[in-house]
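The structure under discussion appears below in the form of structure tokens.
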Number of protein chains: 2
Amino acid sequence: MPTLADVGKAAGVSRGTVSNVFNRPELVRPELRQRVEAAARALGFGGPDPKGRLLRDGKFNAIGFMPPGAYAIAEVMRSPYGRELVLGVSLACDEAGTTLSLVNGTDNTRFASIREALVDGFILGHSGDIGLITSAQRRRLPFVILENDAGPDINSIKIDGRSGAVAAVRHLTGLGHRHFAILSIRRTPGPPIVHMPGQAERPLLAGFSLDDERLDGFKQGLAEANLSIDDVPIIETTPGDPSAGAVVFDNVPEATAILTMSDWQAITILDEAVRRGIEVPRHVSVIGFDGTAESARTTPPLTTVAQDVIGKGRLAARMVLDNQPPRQVVLPVELVVRASTAAPRAKIR
Amino acid sequence: MPTLADVGKAAGVSRGTVSNVFNRPELVRPELRQRVEAAARALGFGGPDPKGRLLRDGKFNAIGFMPPGAYAIAEVMRSPYGRELVLGVSLACDEAGTTLSLVNGTDNTRFASIREALVDGFILGHSGDIGLITSAQRRRLPFVILENDAGPDINSIKIDGRSGAVAAVRHLTGLGHRHFAILSIRRTPGPPIVHMPGQAERPLLAGFSLDDERLDGFKQGLAEANLSIDDVPIIETTPGDPSAGAVVFDNVPEATAILTMSDWQAITILDEAVRRGIEVPRHVSVIGFDGTAESARTTPPLTTVAQDVIGKGRLAARMVLDNQPPRQVVLPVELVVRASTAAPRAKIR
DNA sequence: CGAAATTCTTGGAGCGCTCCAAAAAATGGT
DNA sequence: ACCATTTTTTGGAGCGCTCCAAGAATTTCG
């Protein structure tokens, strides 16, 4: 690989001049410039190597996005929520002319990735592990934590998951529902986990803190209607598990309303309902979470706890780009009532 | 920002030792290691700056993705097709442990971006401009061109757009349709352009070469049924233009079948049809393109010319990651018949 | 025509790191 | 206690570039 110096030698000029030819051509006499360009072409030199500049100038002009927990980038891109989040981030990156690096932080490589990533700042999905934050702080780059409050010194953005969950339950109890199933998120790979009432280990503090918060919101909402979450079956599935619907219908046939933690899960339920000839909302009501674009397109359109996912991504990017004093932002959620919920009317079959 | 040397001085050891503490801790005596770690902590040194390593070792461990034409990353992320493409790329990146950099190549910064991007290879969306390719070649990094054949020396992946378009028309003419509208893609920002039959400038070679190819396929398919594309209105809209449906219905009310160039456009049509009380496929048949996941979820589910978008993205990434001799891949397409097409049955209204 | 003003070109310094050959220190055997 | 080994540590070289002050060449103008 030829370097500036090689080209300079070939053209009989100094490194500096060759550099100028590529970066500030107006500074160099046309005749000389042409000679340099010819030499560069002859040597197959395609412009200054960005590595050199980088060391000198020190800006990557990129921000990094790292998914929470052990999720891979592809898993993020597969979920409706993840796609909108990345879209929001990319919106801000476009505006700022910044590159968006999707950094893989699989398990044990997570901290190494943070140490090594070629970025000027981070958006970090956060599952609750403390190591992540110290790791990020060490790097001394602006960063923002998603879906977790990491204290007053650290940028964070989360949604008000609890209120959302409460609103979802209120809506359903208001409609007259008394028999629920909760579809929660399993944050480790593996098959669905079914927690029936009365079992010992209830997963009330098992997942990401956002999950716990929402579970707590469900609990509160149920309590308001004199119902106990301890009597409600909770099923945990990985975010896109296609069997979620089957597992719910098989294990909780008496449920007239299903609370989920993402639109994706709710969509899965809808699909399984169609397969089984179960009608939504006539036989069972289903409520999503996130309010992604997809939730409006399903049949029937989903009632869902909506948040501004795109706005969240965009804000996250802005926060690392702007590098202002740390803020802890809690974004509101809003129940969007569409057609997947109704008063319990018919028994299945 | 402290450096290796600073830490070394503070701990009374050499740069090299500090480097080892961070990169090959097993090489340094535990006692010394602790001293160094303490010094690092005291100075707030969070590990070797990746910039330095980079210059020394020269691998970014990242591949770049640049959208075609003047599209921004966010525009890619907005489209169902773009999302699946990026998903496919990220799948391969995950497997390879590589970072995926979404590089903005807006118009005039496009070539500069190629020169400067901190990546080991490129996936380049290609609109047909020759400068792009020379620019990429200059960088001497592996790259692959999407949706264009750039000759035998250059990696490229495209779909067989012509066959797909022909298949779409055949399906529709086979159903008995004689009155078409074509929804083509406007590749510059702006409002829809309506080309009615008989007008001078027909857009048969206006857009990306993929668009031209598909238009040509439509032409051929129509010709097989003794129909001339010159009699078919062609409307060009930007990919996600929400007014596309309205423009089509307003300008070509007599069409019983609408050919589009993406699922996204077809979905837009479906939405507008609902708004106007037009029934698909009873009043009008609509056919999509790409076969994205979204196309299966619409009401009614879309008949579409499907391609393996995820596979394409993945293959593209593999090609730049593997850096084998150049290949030109043409991916097959397949007509997936669902419920948005039927024999023309009812006149609208 | 020559000095002053202007335009171009030069090359040293330094960005932070890792590699590596060689020096230093520790260990082991006799 | 000494020498041969083995384990640790060292510091020079160099990765490719841009900046910048200073020097060289060219132009301008009285």
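Each chain gets a letter, A, B and so on, in the order its sequence line appears, and its residues count up from 1.
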Checklist entry - Can you check the B:L27 CG to D:dT9 P distance for me, whole Å? => result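 Going from CG in B:L27 over to P in D:dT9 covers 9 Å.
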Item to check | Separation of atom CZ in B:R35 from atom C1' in D:dT8, rounded to whole Å | outcome: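 Distance check: B:R35 CZ to D:dT8 C1' gives 13 Å.
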Checklist entry - Mapping B:R29 and B:G52 to their closest nucleotides on DNA chain C, which lands nearer the 5' end? => result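 By nearest-heavy-atom nucleotide position, the 5'-most residue is B:G52.
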Item to check | A:D211 bridged to A:R187 by N-O distance under 4.0 Å | outcome: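 The answer is yes: the pair qualifies as a salt bridge.
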Item to check | Salt-bridge criterion met for A:K312 and A:E147 (N-O under 4.0 Å) | outcome: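 A salt bridge is present here (some side-chain N lies under 4.0 Å from a carboxylate O).
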Checklist entry - With sequence neighbours left out, which residue pairs that include part of residues 49-98 of chain A fulfil the ring pair (Phe, Tyr, Trp, His ring centres under 6.0 Å) condition? => result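 Every pair satisfying ring pair (Phe, Tyr, Trp, His ring centres under 6.0 Å) with a residue in residues 49-98 of chain A: there are none.
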Item to check | Candidate pair A:R53 and A:D57, rule salt bridge (charged side-chain N to carboxylate O under 4.0 Å, His left out), full reasoning | outcome: CA-CA 6 Å; A:R53 180 205 328 296; A:D57 297 0; 5.3 Å; no
Item to check | Side-chain H-bond candidate by donor/acceptor type, B:S101 with A:T99, under 3.5 Å | outcome: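 No donor-acceptor contact under 3.5 Å links the two side chains.
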Next on the checklist: Quick one about B:T188 and B:R186 (side-chain donor to acceptor, distance below 3.5 Å, no hydrogens or angles considered), yes or no?
Outcome noted: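 There is such a pair between these side chains.
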Item to check | Any B:S14 side-chain N or O less than 4.0 Å from OP1/OP2 of D:dT9 | outcome: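 Answer no for this pair, as no side-chain N or O of B:S14 is under 4.0 Å from OP1 or OP2.
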Checklist entry - OP1 or OP2 of D:dT10 sitting under 4.0 Å from any side-chain N/O of B:R15? => result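 No, no such contact exists.
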Next on the checklist: So A:L32, base contact, sugar-phosphate only, or nothing? Heavy-atom distance under 4.0 Å.
Outcome noted: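 The answer is sugar-phosphate, as A:L32 gets under 4.0 Å only of primed atoms, P, OP1 or OP2.
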Item to check | Positional range of nucleotides in DNA chain C within the contact set of chain B, heavy-atom, under 4.0 Å | outcome: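 The contacted stretch runs from C:dG16 to C:dC19.
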